Amino acid sequence: MTPEEQLELFTRNCVGLETREELLEKLRLGRPLRIKYGADPSAPDLHLGHSVPIRKLQQFQELGHQVVFIIGDFTGLIGDPSGRSKTRPMLTEDEIMVNAETYAQQVGKLLDVGKCEIRYNSEWFAPMSASAMLEIAGHYTVARMLERDDFSLRLRDGIPITILETLYPLIQGYDSVAVEADVEIGGNDQLFNLLVGRDIMRAYGMTPQVVMTWPLLVGTDGTEKMSKSLGNYIGITELPTEMYGKLMSIPDELMPDYYHLLLDKSRTEVKALQADIETGKLHPRQAKANLARAIVASYHSETAAQEAAEEFDRVFTQREKPSELQEIALAAGELSGGTIGIVELVLKAGFARSKGEARRLIRQGGVKLQDQVVSDEMARVAVSEGAVLQVGKRRFGQITIT
RNA sequence: GCAGGGGUGCCCGAGCGGUCAAAGGGAGCAGACUGUAAAUCUGCCGGCGAAUGCCUACGGGGGUUCAAAUCCUCCCCCCUGCACCA
């Protein structure tokens with residue numbers, strides 16, 4: 001690929017780019033570039049939001065560039081203030097090591113970890129003298145640090161900002177000096193930190209890294225950015241059926257974003273897709289199914305994605321039972337005359353957390369036994385081996401009597 | 001340390017002596033519809049009970065009252081302003 005073609009590919013869908021010219025220049029050097037990506041060791045559960053920059057790394061890697069993964073074991077002790085309104089809790093060293101390991105494992109789903117250079121930033125920071133550390137701090141001003149939104153808002157609202165936190169971007173920036181990064185990429189929330197890296201590199205007499213960022217992926221709720229704590233995330237290690245189902249549950253409006261950021265489709269490709277939907281050539285449901293399938297396939301396999309799609313159609317479109325049913329084990333002693341109270345059965349199956357909840361489900365017509373709606377909460381129902389209990393649209397269980 | 005403002009159900013947030021299991025929103029769940037676990041609409045949404053009902057719950061303890069989320073008191077925690085120390 002020519003440098004120009006690479007430029008087009010790498011910068012596709014990115015929001016922050018400092019600078020295009022510099023990137024092209026570096027690509028023209030004809031040597032593998034060193035692409036830095038910083039991993040936050042506090043979040044070992046990677047989701048599709050994290051996958052956006054990681055997929056970019058994959059592209060760089062495939063074209064022969066060197067991915068440099070920085071595990072921020074040292075910086076993890078500080079806690080990144082990005083996008084936070086509160087000071088983050090610090091992690092212990094043990095926690096960080098465990099997290100880092102899990103991290104590498106998950107990243108392996110997308111990248112060839114063996115070809116990555118994995119570095120822990122304690123490597124250069126742990127032995128660093130206090131004076132060297134202070135020297136780094138001498139390269140940045142308070143005024144510039146306060147330009148950052150997180151900080152200026154917190155300052156305005158009287159929320160404390162520790163000096164430690166202001167040091168974070170500098171430390172992260174120094175990582176770029178240590179690994180001689182050509183390019184650093186990340187989510188758009190990292191833009192400030194990455195730009196500081198450029199300044200720090202300059203201060204140490206190096207050619208500043210090129211900075212590229214991508215938009216933060218919106219979660220399944222359609223409003224907030226994807227995050228584990230908001231519960232609107234799709235983990236990259238989730239089962240194919242779960243992943244597929246969650247993807248089918250995203251609001252339609254999110255589809256273009258997901259096509260862009262998760263499948264790296266270009267603007268024109270997505271526009272064409274949207275046009276097809278509008279003209280009725282492509283059913284929106286089909287567009288979403290294609291999306292879900294492609295994404296699931298990238299983490300599992302074509303066949304797994306195919307199966308997940310079929311399973312989904314079976315259960316939700318055709319309203320049939322899933323191919324595998326959860327087991328509801330009943331002891332013969334729990335039955336009298338072969339019957340059991342319906343409330344008790346729902347509870348026993350684990351489909352309700354309390355009797356009240358079970359009653360509610362029954363009253364609302366959400367409970368079926370052998371395809372028959374049971375709406376009387378007082379009912380005693382006859383159960384036999386293999387009978388199927390359904391609660392809502394997605395929960396199924398098959399009775400076994402022991 | 002002083003002064004002021006707060007701590008309410010999964011989350012946000014109203015209530016400020018009885019009619020409060022506590023408005024409203026969000027999340028969640030169910031039903032209808034559908035193109036899906038989209039959107040929309042409807043309903044539910046502390047526990048136990050067949051039920052009148054009982055129990056638990058408004059930061060924690062104690063108290064006043066026939067009656068407290070609501071009043072008093074002590075304690076803990078958070079925020080704001082001021083002061084103090086370096």
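Lettering of chains follows the sequences in order, A, B, ..., and the numbering in each one begins at 1. These numbers were taken from a predicted model, which means no experiment stands behind them.
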> When rounded to the nearest Å, what value does the distance between P atoms of B:rC48 and B:rU65 take?
Replying inline: 36 Å

> According to the Watson-Crick and G-U wobble definitions, with both distances under 3.5 Å, which nucleotide is paired to B:rC82?
Replying inline: B:rG1

>> Between A:V196 and A:N193, does the side-chain contact (heavy atoms from CB on, under 4.5 Å) criterion hold? Intermediate values first, please.
In response: CA-CA 5 Å; A:V196 171; A:N193 287 347; 5.5 Å; no

>> Between A:K288 and A:D252, does any side-chain N to carboxylate O distance fall below 4.0 Å?
In response: yes

> P atom, B:rC72 versus B:rC16: distance in rounded Å?
Replying inline: 15 Å

> If we call it a pair only when both distances are under 3.5 Å in a Watson-Crick or G-U wobble match, what pairs with B:rU19?
Replying inline: none

>> I need the CG-C1' distance between A:N290 and B:rG35, as an integer number of Å.
In response: 13 Å

> Are A:K265 and A:D257 close enough for a salt bridge, meaning some N to O gap below 4.0 Å?
Replying inline: no

>> Over 60° means perpendicular and under 30° means parallel, so tell me whether A:Y204 and A:H139 are parallel, tilted or perpendicular.
In response: perpendicular

> Using a heavy-atom distance cut-off of less than 4.0 Å, which residues of residues 345-364 of chain A contact RNA chain B?
Replying inline: A:S354, A:K355, A:G356, A:R359, A:R360, A:L361, A:Q364

> Are A:K246 and A:Y233 in a cation-pi setup, meaning NZ or CZ lies under 6.0 angstrom from the ring centre and within 45 degrees of the ring axis?
Replying inline: yes

> Quantified in whole Å, what is the C1' atom distance between nucleotide B:rC11 and nucleotide B:rC45?
Replying inline: 14 Å

> Quick one, which residues of residues 302-316 of chain A touch RNA chain B with a heavy atom under 4.0 Å?
Replying inline: A:F312, A:F316

> With a 4.0 Å cut-off, would you call A:K26 and A:D182 a salt bridge?
Replying inline: yes

> Centroid-to-centroid, A:F10 to A:H65, below 6.0 Å?
Replying inline: yes

> Taking CZ from A:R395 and P from B:rG28, how many angstroms apart are they, rounded to a whole number?
Replying inline: 13 Å

> Of all the choices, B:rC33, B:rA38, B:rG35, which nucleotide is nearest to the side chain of A:R285 once you look at every atom?
Replying inline: B:rG35

>> I'd like to know if A:K271 and A:E269 make a salt bridge, using a cut-off of under 4.0 Å between side-chain N and carboxylate O.
In response: no

>> From CD of A:E320 over to C1' of B:rU36, roughly how many Å is that when rounded to an integer?
In response: 16 Å

> So which nucleotide does B:rA50 pair with, by the Watson-Crick or G-U wobble rule with both distances under 3.5 Å?
Replying inline: none

> Taking atom C1' in both B:rU19 and B:rG25, what distance in whole Å separates the two?
Replying inline: 24 Å

>> Using whole Å, what does the distance between atom P of nucleotide B:rA50 and atom CD1 of A:I342 come to?
In response: 15 Å

> Rounded to whole angstroms, how far apart are NZ on A:K288 and C1' on B:rU36?
Replying inline: 6 Å

> Does a salt bridge link A:K348 with A:E344, judged by any charged N lying under 4.0 Å from a carboxylate O?
Replying inline: no

> Which part of the nucleic acid, if any, lies within contact of A:T317, taking any heavy atom under 4.0 Å across all strands shown: a base, the sugar-phosphate backbone alone, or nothing?
Replying inline: sugar-phosphate

>> Taking donor-acceptor contacts at under 3.5 Å, does the side chain of A:R319 reach the base of B:rU34?
In response: yes

> Nearest-Å distance, CD (A:Q390) to C1' (B:rC29)?
Replying inline: 15 Å

> Which base sits across from B:rU56 as a Watson-Crick or G-U pair, both distances under 3.5 Å?
Replying inline: none

>> Any side-chain to backbone donor/acceptor pair from A:S354 onto A:E357? Under 3.5 Å, distance only.
In response: yes

>> In the structure I gave you, are the side-chain heavy atoms of A:F125 and A:I171 within less than 4.5 Å of one another anywhere?
In response: yes

>> Keeping A:T279 on the side-chain end and A:A275 on the backbone end, is there a donor-acceptor pair under 3.5 Å?
In response: yes

>> Considering every strand and a 4.0 Å limit on heavy-atom distances, what is the contact class for A:P251: base, sugar-phosphate, or nothing?
In response: sugar-phosphate

> Does the side chain of A:S249 get closer than 4.0 angstrom to OP1 or OP2 of B:rU36 through an N or O atom?
Replying inline: no

> Can you tell me the Watson-Crick or wobble partner of B:rC44, both distances under 3.5 angstrom?
Replying inline: B:rG28

> By a strict heavy-atom criterion of less than 4.0 Å, which residues belonging to residues 365-380 of chain A are in contact with RNA chain B?
Replying inline: A:G365, A:G366, A:M378

> A:L254 has an atom CG; how far is it from atom C1' of B:rA39, in whole Å?
Replying inline: 13 Å

> For A:E253 and B:rU36, what is the distance between atoms CD and C1' respectively, to the nearest whole Å?
Replying inline: 14 Å

> What is the pairing partner of B:rA39, taking Watson-Crick or G-U wobble pairs with both distances under 3.5 Å in any strand?
Replying inline: none

> For B:rU36, does OP1 or OP2 lie under 4.0 Å from any side-chain N or O of A:K246?
Replying inline: no

>> If you define the side chain from C-beta out and look only at heavy atoms, does anything of A:E307 sit under 4.5 Å from A:F312?
In response: no

>> So if I take every side-chain heavy atom of A:R394 and compare against B:rG35, B:rA37, B:rU36, which nucleotide ends up nearest?
In response: B:rA37

>> Quick one, A:D199 with A:R202, criterion salt bridge (charged side-chain N to carboxylate O under 4.0 Å, His left out). Give me CA distance, side-chain angles, the key distance, then yes/no.
In response: CA-CA 5 Å; A:D199 294 323; A:R202 264 195 213 102; 3.1 Å; yes

